[in-house]
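Reading through the structure tokens given below for one structure.
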Number of protein chains: 4
Amino acid sequence: MKKSVPSLVKDPELIKKRREQMVKGAVRLFIEKGFHRTTTREIAKESGFSIGTLYEYIRSKEDILYLVCDAIYEEVRDRLAYHLDTDNKGIDRLKKAVAAYFQVIHDMQDEVLVMYQEAKSLPKEALSYVLQKEVEMTEMIEQVIRECAKEGVIHVHDAQVKLVAHNILVQGHMWTFRRWQIQKHFSLEDYTNLQIEQLLQGVNHRLM
Amino acid sequence: MKKSVPSLVKDPELIKKRREQMVKGAVRLFIEKGFHRTTTREIAKESGFSIGTLYEYIRSKEDILYLVCDAIYEEVRDRLAYHLDTDNKGIDRLKKAVAAYFQVIHDMQDEVLVMYQEAKSLPKEALSYVLQKEVEMTEMIEQVIRECAKEGVIHVHDAQVKLVAHNILVQGHMWTFRRWQIQKHFSLEDYTNLQIEQLLQGVNHRLM
Amino acid sequence: MKKSVPSLVKDPELIKKRREQMVKGAVRLFIEKGFHRTTTREIAKESGFSIGTLYEYIRSKEDILYLVCDAIYEEVRDRLAYHLDTDNKGIDRLKKAVAAYFQVIHDMQDEVLVMYQEAKSLPKEALSYVLQKEVEMTEMIEQVIRECAKEGVIHVHDAQVKLVAHNILVQGHMWTFRRWQIQKHFSLEDYTNLQIEQLLQGVNHRLM
Amino acid sequence: MKKSVPSLVKDPELIKKRREQMVKGAVRLFIEKGFHRTTTREIAKESGFSIGTLYEYIRSKEDILYLVCDAIYEEVRDRLAYHLDTDNKGIDRLKKAVAAYFQVIHDMQDEVLVMYQEAKSLPKEALSYVLQKEVEMTEMIEQVIRECAKEGVIHVHDAQVKLVAHNILVQGHMWTFRRWQIQKHFSLEDYTNLQIEQLLQGVNHRLM
DNA sequence: AATGAATGAGGCTTCATTCAT
DNA sequence: GATGAATGAAGCCTCATTCAT
């Protein structure tokens, strides 16, 4: 499943190090001008080595995009997992999870933005792999919701679980994608609180 | 504000006709392979005229993207406005609005997808203009919410209005962006009902 | 069978004209430095147009090689056919044919040399097509031999016909391939006469 | 005259061994894809050592081609010399020589093919040296012819000697270069016999 | 107004060669 | 002596744009 990008260089340590440089450089450039407007030479330069060296560690420009997306997902997931790893109980578990997720997205705004904007340019197979990561993310959130439901602190029928998970995920993306609007009106804290309030109580309309 | 694209041709009728052909052709191609991977030659061919003629009606490839985005927004807004133009009252007004919006998005899935994925490649000024359209859309939704609130059928404090509007908008996008996941699990009708339920009542947790 | 090279340009007249320029320029360069050491830009320049224009008339560098080989074969064959088209009778028919063939090869030395040295770099399919031309050439010579045999002026059993045709063909190539040796020792006339003598009488060894 | 390729390594035994590996690997690759399409990296790998090591034993890629051509010539000549070293007398001496030569070429088809196709890519000086080997080969054959003539078993005037030698040589090459045609129609034995027959008697035309 | 041939800057990638370890 | 990572010149090709007809 994990499509490992072939390299002409043998030393795994070196591969890791160089690819980290490369991803870091590429992200910076992709954020600035997007994947298509960034040249391989620019990536090499920004990464601190020559174009020849770049191609010792990848086969094509698309490989770089893949490495970038993979790296970003990995980091988002790791950070999220780290924050979810608490012993919160009750409704707090969900609240903290949402807050943690929004915080992670906030901290990695540019990266997340790039990934969601450029992933579509991945070759089919690589795209599938990356989308799979998105599924995993969804499942992590679903898991939290289900646990809260099991504890009885929220009432949510089965179909809703998946939907709510997606909603939360997308509200995270929204924080970056619509930042030019949203971040003008809300601090991250306010945004988080409001979304949680909305999530738990809805718009609280008169009972029908 | 409206950045009108200059044309070498004078006859406005003709301009309108040719640009419609052009947008139609371009959308088809952008959906298939994205903006960057589509060539101007292909667009000309798909539009039914020559590359020379294409450049009689635009100055640059980016102009086409602008026309495309503009056309899509225009259509989404028009359709939505058409559907909102009812005399629904009470909570129904909001429900119907959301349903109508989702339906419009559903009917124009590919176009919406393309627009949100490629708009980032617009030159700054054009991007601003397009984002302005997004603001207008948000305001249309906000308006509905505010009216419901005024009627007293929902209780929503001021800060929430904007947020909820954004949420609804983004839940529409989600229907296209995450279709590979969401549309596997929900019909449009179910999706709509569930999102409305969620919007109004939240996950309905125990009162604290 | 005839693999016609696709062109972006429509006008057949123009295609013919530009490709003639191209082939002429390419032959000059291939003679000088070989196919692999000649760049597409050099070919464009030598042909009198830009690299962009070059690629309006071909898809790849290999296409040029194909056009070159095809053009050379075509010319050799046409010239040969022209010379063979006489009403010589008897042994003279064969003698004149060989002389004519050698003359053609002599006149097109560089081209012939290039073709035989570089054809191996053609993509498979194109190579097959070119080799087919070689078969046709052989058959033209075989034809002459067979006619002489039918007239009874030479005695040659069936198996020999093909072999002798090949021999003659190859003796033509030899005049170009080994010119650094052969042309030092023989004039074309001497070479022709000697080869004909050898062809007809062998080394004339004592009967066994 | 013999252009010895400089090496950074001193030990002559080692040089010999490594170069043998190298030539063997290179020939295999050249046969498969030609000189220009074979990379030095591939040669190193096929030879069983690293690219760094490769360059300890040569200065440039062309050196490899030179070593390859040299090795092939050497082997052809040695094998031929071995076969010529008999005490055949009379016309048999020539017949056996031709047969032996054809057999050697047959046994080394691929190598011979590569050499004649790629030698043109040698730098000038190296090319001269290799061509000199071709001269030597010719002289070996000339020698046999002259001896037969001296014995009186064939009648061949002076100018013919060189020509016949070249013819024989080229008929050997022909066995490999035109194999796609010739080997379809003749076994090596038949080919040999027919060529000898042709060589000795010509097409045996009616006396004029 | 329409056409499409011409242009050339610039993108991606390869590969012979070097050199520090 | 052996290794293989690093280099960058240079090659092939694309494509947005122009302009003569």
Side-chain angles (χ1 to χ4, degrees), chain A residues 7-11 14-15 17-18 36-45 48-64, chain B residues 7-11 14-15 18 36-45 49-64, chain C residues 7-11 14-15 18 36-45 48-64, chain D residues 7-11 14-15 18 36-45 48-64:
Chain A
S7 163
L8 292 179
V9 173
K10 299 294 171 63
D11 181 358
L14 201 49
I15 294 182
K17 179 179 151 198
R18 291 276 179 265
H36 282 103
R37 293 201 211 280
T38 301
T39 70
T40 51
R41 273 209 252 284
E42 288 170 323
I43 296 171
K45 194 171 181 188
F49 36 71
S50 72
I51 183 66
T53 298
L54 184 75
Y55 274 89
E56 293 278 304
Y57 294 92
I58 51 153
R59 287 162 313 172
S60 70
K61 196 186 173 192
E62 283 172 345
D63 277 350
I64 305 178
Chain B
S7 161
L8 293 179
V9 175
K10 292 306 156 207
D11 181 356
L14 199 50
I15 295 182
R18 291 276 181 261
H36 281 104
R37 293 200 212 280
T38 301
T39 70
T40 51
R41 261 158 146 132
E42 288 171 320
I43 294 170
K45 193 173 182 191
F49 38 72
S50 73
I51 182 69
T53 299
L54 185 77
Y55 273 87
E56 297 280 314
Y57 295 90
I58 52 154
R59 288 162 311 171
S60 71
K61 194 186 174 190
E62 283 170 345
D63 277 350
I64 306 177
Chain C
S7 163
L8 292 180
V9 173
K10 297 295 171 61
D11 181 357
L14 200 50
I15 294 181
R18 291 275 180 264
H36 282 104
R37 294 200 210 279
T38 301
T39 71
T40 51
R41 273 211 251 282
E42 286 171 324
I43 295 172
K45 194 172 183 189
F49 35 72
S50 72
I51 183 69
T53 299
L54 183 76
Y55 275 90
E56 293 279 305
Y57 295 92
I58 52 155
R59 288 161 311 173
S60 70
K61 195 185 173 192
E62 281 172 346
D63 277 349
I64 305 178
Chain D
S7 162
L8 293 179
V9 175
K10 292 308 154 204
D11 180 355
L14 200 48
I15 296 182
R18 290 277 182 258
H36 281 103
R37 294 201 211 278
T38 301
T39 70
T40 50
R41 260 158 145 133
E42 289 170 320
I43 295 171
K45 192 172 182 191
F49 37 72
S50 73
I51 183 66
T53 300
L54 184 77
Y55 273 86
E56 295 281 314
Y57 294 91
I58 52 155
R59 287 161 313 171
S60 71
K61 193 185 174 192
E62 282 169 346
D63 277 349
I64 305 177

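Chain letters run A, B, ... following the sequence lines, proteins first and then strands; every chain starts at 1.
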Quick check: do [X] and [Y] have side-chain heavy atoms less than 4.5 Å from each other?
X	Y	result
B:Arg18	B:Thr53	yes
A:Tyr57	A:Asp63	no
D:Leu54	D:Ile64	yes

Measure the spacing between [atom1] of [X] and [atom2] of [Y] and express it to the nearest 0.5 Å.
X	Y	atom1	atom2	answer
D:Tyr55	D:Leu8	OH	CG	12.0 Å
C:Lys10	C:Ile15	NZ	CD1	9.5 Å
A:Ser50	A:Arg41	OG	CZ	11.0 Å

Quiz item: For E:dA5, does OP1 or OP2 lie under 4.0 Å from any side-chain N or O of C:Arg18?
Solution: no
Self-check item: Side-chain N or O of C:Tyr57 closer than 4.0 Å to phosphate OP1/OP2 of E:dA6
Solution: yes
Distance check needed: [N] [atom2] versus [X] [atom1], whole Å only.
X	N	atom1	atom2	result
B:Leu54	E:dA1	CG	C1'	14 Å
C:Lys10	E:dA5	NZ	P	7 Å
D:Lys45	F:dT3	NZ	C1'	15 Å

Quiz item: Base, sugar-phosphate, or nothing: which does A:Leu8 touch, judged by heavy atoms less than 4.0 Å apart?
Solution: sugar-phosphate
Exercise. Could you give me the stems involving DNA chain F, meaning stretches of three or more consecutive Watson-Crick or G-U wobble pairs whose two defining distances are both below 3.5 Å?
Key: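 Result, WC/G-U stems under 3.5 Å: E:2-21 with F:2-21.
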Quiz item: Just by protein heavy atoms under 4.0 Å, how would nucleotides 15-21 of chain E read 5' to 3' in B, S and -?
Solution: SBBB---
Self-check item: By salt bridge (Lys or Arg N to Asp or Glu O under 4.0 Å) - contacts of B:Glu62 (at least two apart)
Solution: A:Arg37
Quiz item: Do C:Ser7 side-chain atoms and C:Glu56 backbone N/O form a donor-acceptor pair below 3.5 Å?
Solution: yes
Exercise. Looking only at side-chain atoms of A:Leu14, point me to the closest of E:dA1, E:dA6, F:dA6.
Key: F:dA6
